[in-house]
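One-based numbering along the sequence shown.
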Amino acid sequence: MWNVCEKSAKASMRNIAERLLQARSLLVVTHGRPDGDGLGSLAALVSAAQAAGKRARGFVPGPWPAKYDFLFPTDRPETQGEAFGALADESDLIAIVDTAAFAQLDGLEEALRARRDKVVVIDHHATSDDVGSLQWADSSAAAGGVMVLELLEALGWAVEPVAEALMAAITTDTGWLRFANTDARCLRAVARLVEAGVRPDRLYRKVYQTDRPQRLELMRRMLGTLELHCEGKLASMSLTLADFQASGARPDETENLVNEALRLDSVDTVILLVENESCVRANLRSRDVVDVAAIARQFGGGGHRRAAGLRANEAIEPLKARLVAACAKALARA
Ligand SMILES: [Mn+2]
């Protein structure tokens, strides 16, 4: 883990800016199962680098939710692991955004380790592996998008053409500026982006009001599994492969569903378990009390204090029992 003080974070940003200025070609990478922050930060950095005269490409390990396709009006990022080596070799610099965990860089660990000298990291998570030769880690940033905006401004690169992508990054990682990570710094970034021409109403429509009926059916099934524990302070929900089959929803349509249980006044902590072909993923959220990143770490996962996750090769029910016990213990301590 990195001990971040503001001064060293600023120095890291300047060093990354320097590396970007020197590079003629850039590959930008974000995490697997990417969210709006990872994708928006990637899209913004790729486009801004292209506008600054660099060759730039994006790489995402695996598919992303279709609702984020609007971030890539021209060239879509590469997603095939076999293509990564060639893309990495033809780039002077590889910038990883919104993660510093090999566990989230599905299948890329070996290729990245072999090229560590030209890998730089821009990330706001509290936990990190030694992924790059230069890591700008700032866990006080609400979103990777806040960091990328500050980087572009330090570089003097145009913000206007990438303002909507950065706004998508910041607003999705803050739950449309509702979560505890919403601070003055991210609101200043948002103000800057609205000045640059972003229409928040149009972005909201694109990101939050484009569901398919199948996703609402999946949500209905998830809410049917809601259980409350610890006098209502802890909620658990789950989705099985059968729920996906019956609803016709896609695995990527679970984004944000975990937050639904926070509608309940009594709830601090939420566990959502989602079964897929290879494992069970657990999504953890908390409002004020429990450090869910610490819980996720006990199970081999990671994330932020208020939003974390993990994967396990275990059936839903026993995993749920172990997670409920761990959260109950944390709630009792608080
Ligand atoms: Mn993020």
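For K206 and E164, the salt-bridge test passes: some basic side-chain N is under 4.0 Å from an acidic carboxylate O. Using a 4.0 Å cut-off between charged side-chain N and carboxylate O, E153 and R192 make a salt bridge. Between K320 and E317 there is a salt bridge, since at least one side-chain N of the basic residue sits less than 4.0 Å from a carboxylate O of the acidic one. Salt bridge status for R14 with E18: absent, with no side-chain N to carboxylate O gap under 4.0 Å. Using a cut-off of 4.0 Å between Lys/Arg side-chain N and Asp/Glu carboxylate O, D92 and R24 are scored as salt-bridged. Remark: R116 engages D130 in a salt bridge, criterion side-chain N to carboxylate O under 4.0 Å. Checked for salt-bridge contact, D89 and R115 meet the test: a charged N lies under 4.0 Å from a carboxylate O. We find that R287 and D268 are not joined by a salt bridge, their nearest charged nitrogen and carboxylate oxygen being 4.0 Å or further apart. Between R185 and E150, at least one side-chain N (NZ, or NE/NH1/NH2) sits under 4.0 Å from a carboxylate O, which counts as a salt bridge. One finds a salt bridge joining E314 and R322 here, because a Lys/Arg side-chain nitrogen approaches an Asp/Glu carboxylate oxygen to under 4.0 Å.
Residues R311 and C279 share a closest heavy-atom pair of CD-SG, 3.8 Å. A56 and V46 get closest at one heavy-atom pair: CB-O, 3.7 Å. Summarising the geometry of L20 relative to L151, their closest heavy-atom pair is CD1-CD2, 3.6 Å, with the distance given to 0.1 Å. Taking each heavy atom of T99 and V121 in turn, the nearest pair found is O-CG1, 3.6 Å. Minimum interatomic distance between T210 and V207 (heavy atoms only, all atoms of both residues): OG1-O, 4.4 Å. Closest of all the heavy-atom pairs between V97 and G38 is CG2-O, 4.0 Å.
Note on L218: it clusters hydrophobically with V274, by side-chain heavy-atom contacts below 4.5 Å among ILVMFWY residues. L166 and V29 are not part of a single hydrophobic cluster, where members link through side-chain heavy atoms under 4.5 Å apart. Residues M237 and I316 are members of separate hydrophobic clusters, defined by side-chain heavy-atom contacts under 4.5 angstrom among Ile, Leu, Val, Met, Phe, Trp and Tyr. If you chain together hydrophobic residues whose side chains sit under 4.5 Å apart, L264 and V270 fall into the same group. V159 is connected to V146 through a chain of hydrophobic side-chain contacts under 4.5 Å among Ile, Leu, Val, Met, Phe, Trp and Tyr, so both are in one cluster.
Defined by atom type and a distance below 3.5 Å, a donor-acceptor pair is present between the side-chain atoms of S236 and H229.
In this structure, the side chains of D123 and I96 stay at 4.5 Å or more apart for every pair of heavy atoms. Side-chain contact check for S133 versus R19: some heavy-atom pair is nearer than 4.5 Å. Contact check for L310 versus Q298: no side-chain heavy atoms found under the 4.5 Å cut-off. For the pair V292/R305, no side-chain contact is recorded, criterion being any heavy-atom separation below 4.5 Å from C-beta on. Within the 4.5 Å cutoff, no side-chain heavy atoms of L105 are placed close to those of F84. Between I94 and F59, every side-chain heavy-atom pair lies at or beyond the 4.5 Å cut-off. Looking at L234 and L228, their side chains never come closer than 4.5 Å, going by heavy atoms from C-beta outward. Between Y68 and E255 the shortest side-chain heavy-atom distance falls below 4.5 Å.
Taking OG of S140 as the reference point, atom CG of N181 lies at 11.0 Å (rounded to 0.5 Å). The CZ atom of F179 sits 12.0 Å away from the CZ atom of R306 when rounded to the nearest 0.5 Å. Going from atom CG of L226 over to atom OG of S238 covers 10.0 Å, rounded to the nearest 0.5 Å. One finds the OG1 atom of T30 at 11.0 Å from the CH2 atom of W64 (value rounded to the nearest 0.5 Å). With rounding to the nearest 0.5 Å, the separation of CE in M222 from OG1 in T240 is 13.0 Å. Atom NE2 of H31 and atom CG of L108 lie 13.0 Å apart (nearest 0.5 Å).
Every residue two or more places apart in sequence or in another chain was checked for a salt bridge (Lys or Arg N to Asp or Glu O under 4.0 Å) with E275, and none qualifies.
Heavy atoms of other residues, nucleotides or ligands lying less than 6.0 angstrom from CD of E110 number 12 at most. Atom CD of Q209 is surrounded by more than 12 heavy atoms from other residues, nucleotides or ligands within 6.0 Å.
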> So D138 and M147, side chain to side chain contact (heavy atoms under 4.5 Å, CB included) or not? Walk me through it.
Replying inline: CA-CA 8 Å; D138 183 355; M147 300 172 74; 3.6 Å; yes
> Do I295 and L323 pass the side chain to side chain contact (heavy atoms under 4.5 Å, CB included) test, and can you show the C-alpha distance, the side-chain angles, and the key distance before you say yes or no?
Replying inline: CA-CA 8 Å; I295 306 249; L323 280 167; 4.2 Å; yes
> Passes side chain to side chain contact (heavy atoms under 4.5 Å, CB included), R281 versus L273? Steps please.
Replying inline: CA-CA 6 Å; R281 281 187 305 105; L273 297 140; over 6 Å; no
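In this structure, the side chain of R202 does not engage the main chain of R199 through any donor-acceptor pair within 3.5 Å. Checked by atom type and distance alone, the side chain of D37 never pairs as donor or acceptor with a backbone atom of D173 at under 3.5 Å. Not a single donor-acceptor pair under 3.5 Å links the side chain of K118 to the backbone N or O of A95. Using a distance-only test at 3.5 Å, with no hydrogens or angles considered, no donor-acceptor pair links the side chain of Q135 to the main chain of A137. In this structure a side-chain-to-backbone donor-acceptor pair under 3.5 Å is missing from Q104 to A100. No donor-acceptor pair closer than 3.5 Å links the side chain of K233 to the backbone N or O of S266. R221 places no side-chain N or O within donor-acceptor distance of the main-chain N or O of L216, the cut-off being under 3.5 Å.
Checking each of D252, T254, L257 against R215 for a side-chain contact (heavy atoms from CB on, under 4.5 Å) leaves exactly one that passes, namely L257.
Aromatic ring orientation, H124 versus H304: tilted (interplanar angle from 30° to 60°).
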